[in-house]
Amino acid sequence: MSKRIIIISGGELNEEFVLSILEKEENQYVIGVDRGMEFLCRHQILPNYIVGDFDSVKKEIGDYYRNETNVPIREFNPVKDASDTEIAIRLAMTLGAKEILILGATGGRIDHLWANVQSLAIPFKEGIDAVIMDTQNKIRLIGGGETHLKKGETYGPYFSVFPLGEEVYGFSIKGAKYPLDNHTLIPYDSLCVSNQFQEDEVTISFMKGIVILMETKDR
């Protein structure tokens, strides 16, 4: 099984963008999540697994996967304790994923987006790289130590950082338009939104904690 698992969730799915990723490698392992199944069905892409409560997918799509394919389905009651995307993330981890790419996790309702961002902590704490991507954004978590970003290799010209859940001490940014030195990041502070490169490489460093890193670009 591929060590990279792609989750197609039920948010905004840009057709050209998603297909370009799915077509990059022949042996992609794909999990379809609820309304993300409609995208896969429309493009005749058979997922390796299906997860969801089927509350936001057309009945004929659900019936097709249940009755006309051999795709394993993990169907849940809509009244449950985790989002469909979180369940898919946990499934990907049990399947041995070393890297998880989540598409369709943005767009639409912000509560779903924030739940998806927070869910990145589940694989992160197990040492698994997990990323949310769309046409403008790449979202991941980073931990204590140093993270290096190289100009021209990031997803876009802007990057933002936000602490996840608690204060982050000794936080520094070097090589950026807006540098920081030994700062204390506070969860509700918007200080580190929309930074840019000043030099060819940016170094983000802090002692411990978890930080959300967003690499972004305009349309």
Side-chain angles (χ1 to χ4, degrees), residues 7 9-12 33 80-93 97 99-151 153-199 201-219:
I7 295 173
S9 197
E12 184 178 299
V33 180
K80 57 188 186 302
D81 295 329
S83 70
D84 293 331
T85 302
E86 179 185 332
I87 292 169
I89 288 171
R90 293 185 183 276
L91 172 61
M93 292 169 65
E99 179 185 352
I100 300 172
L101 175 59
I102 308 168
L103 308 176
T106 61
R109 286 172 49 181
I110 293 176
D111 54 347
H112 286 173
L113 166 62
W114 186 242
N116 293 333
V117 171
Q118 291 188 125
S119 293
L120 293 176
I122 299 167
F124 178 81
K125 290 178 179 179
E126 298 298 322
I128 299 169
D129 292 329
V131 177
I132 291 172
M133 282 180 64
D134 62 21
T135 55
Q136 290 181 262
N137 309 282
K138 178 181 178 181
I139 306 170
R140 59 189 170 111
L141 304 183
I142 58 175
E146 290 190 354
T147 297
H148 299 274
L149 305 176
K150 293 187 177 181
K151 191 174 184 178
E153 295 182 9
T154 53
Y155 199 63
Y158 308 105
F159 67 93
S160 301
V161 291
F162 309 95
L164 184 63
E166 59 185 9
E167 293 181 351
V168 175
Y169 299 99
F171 186 86
S172 298
I173 301 176
K174 296 180 180 179
K177 184 176 181 179
Y178 307 108
L180 282 175
D181 184 37
N182 200 29
H183 180 75
T184 299
L185 270 186
I186 301 172
Y188 49 80
D189 194 344
S190 61
L191 174 68
C192 294
V193 68
S194 195
N195 209 334
Q196 299 177 55
F197 284 83
Q198 185 71 36
E199 301 176 9
E201 182 174 283
V202 163
T203 301
I204 300 171
S205 62
F206 52 100
M207 294 179 287
K208 63 179 182 178
I210 301 176
V211 169
I212 305 165
L213 172 62
M214 300 183 181
E215 300 171 25
T216 56
K217 56 188 172 184
D218 295 317
R219 289 188 185 276

Exercise. Shortest non-hydrogen contact from D189 to L191?
Worked result: OD1-N, 2.9 Å
Problem set entry | Pairing residues for P187 by the side-chain contact (heavy atoms from CB on, under 4.5 Å) criterion, not counting sequence neighbours | P163, E167
Problem set entry | Within residues 118-132 or reaching into it, pairs that qualify as salt bridge (Lys or Arg N to Asp or Glu O under 4.0 Å) - sequence neighbours excluded | none
For this session: Considering non-hydrogen atoms only, spot the tightest contact between G175 and V202 and give its length.
Result: O-CG2, 3.4 Å
Exercise. With T106, which residues qualify under side chain to side chain donor-acceptor pair (under 3.5 Å), at least two apart?
Worked result: D134
Problem set entry | Non-hydrogen side-chain atoms of N137 and I132 separated by less than 4.5 Å | no
Seminar exercise, completed: Applied to residues 162-186, the ring-ring contact (aromatic ring centres under 6.0 Å, His included) test, sequence neighbours excluded, yields F171-F206
Exercise. What's the verdict on salt bridge (charged side-chain N to carboxylate O under 4.0 Å, His left out) for E215 and R140, showing C-alpha distance, side-chain angles and the deciding distance?
Worked result: CA-CA 9 Å; E215 300 171 25; R140 59 189 170 111; 3.2 Å; yes
Problem set entry | Non-hydrogen side-chain atoms of L120 and L164 separated by less than 4.5 Å | no
For this session: Mind listing the closest non-hydrogen atom pair of N116 and S83 along with its distance?
Result: OD1-OG, 4.4 Å
Seminar exercise, completed: In this structure, CG of L213 is separated from SG of C192 (nearest 0.5 Å) by 11.0 Å
Exercise. So F159 and T154, side chain to side chain contact (heavy atoms under 4.5 Å, CB included) or not? Walk me through it.
Worked result: CA-CA 9 Å; F159 67 93; T154 53; over 6 Å; no
Exercise. Does atom NZ of K150 have more than 12 heavy-atom neighbours, drawn from other residues, nucleotides or ligands, at distances under 6.0 Å?
Worked result: no
For this session: With rounding to the nearest 0.5 Å, note down the distance linking CD1 in I7 to CD1 in I87.
Result: 11.0 Å
Problem set entry | Residue among L103, D84, T85 satisfying side-chain contact (heavy atoms from CB on, under 4.5 Å) with S9 | T85
Seminar exercise, completed: Separation between CD1 (I102) and CE (M133), nearest 0.5 Å, reads 12.0 Å
Exercise. Which pairs, with at least one residue in residues 203-214 and sequence neighbours excluded, count as a side chain to side chain donor-acceptor pair (under 3.5 Å)?
Worked result: H148-T203
For this session: Please report the closest heavy-atom contact between S119 and E86, naming both atoms and the distance.
Result: OG-CB, 3.8 Å
Exercise. Of the non-hydrogen atoms in S194 and S160, which two are nearest, and what is the gap between them?
Worked result: N-OG, 2.6 Å
For this session: List in chain and number order the residues that pass salt bridge (charged side-chain N to carboxylate O under 4.0 Å, His left out) with D111, two or more places apart in sequence or in another chain; answer none if no residue qualifies.
Result: R109
Problem set entry | Nearest heavy atoms of L141 and F124, plus distance in Å | O-CE1, 3.5 Å
Exercise. If you measure from NZ on K177 to CG on N195, what distance do you get to the nearest 0.5 Å?
Worked result: 9.0 Å
Exercise. Please walk me through it: do I139 and M214 pass side chain to side chain contact (heavy atoms under 4.5 Å, CB included)?
Worked result: CA-CA 5 Å; I139 306 170; M214 300 183 181; 4.0 Å; yes
For this session: State the CD1-CG distance between I173 and L180, to the nearest 0.5 angstrom.
Result: 5.0 Å
Exercise. So how far is it from K151 NZ to Q196 CD, rounded to the nearest 0.5 Å?
Worked result: 9.0 Å
For this session: Answer whether the closest heavy-atom distance between the side chains of K138 and V131 falls below 4.5 Å.
Result: yes
For this session: Go through the steps for D218 and Y158 under the test side chain to side chain contact (heavy atoms under 4.5 Å, CB included), then give the verdict.
Result: CA-CA 9 Å; D218 295 317; Y158 308 105; 3.5 Å; yes
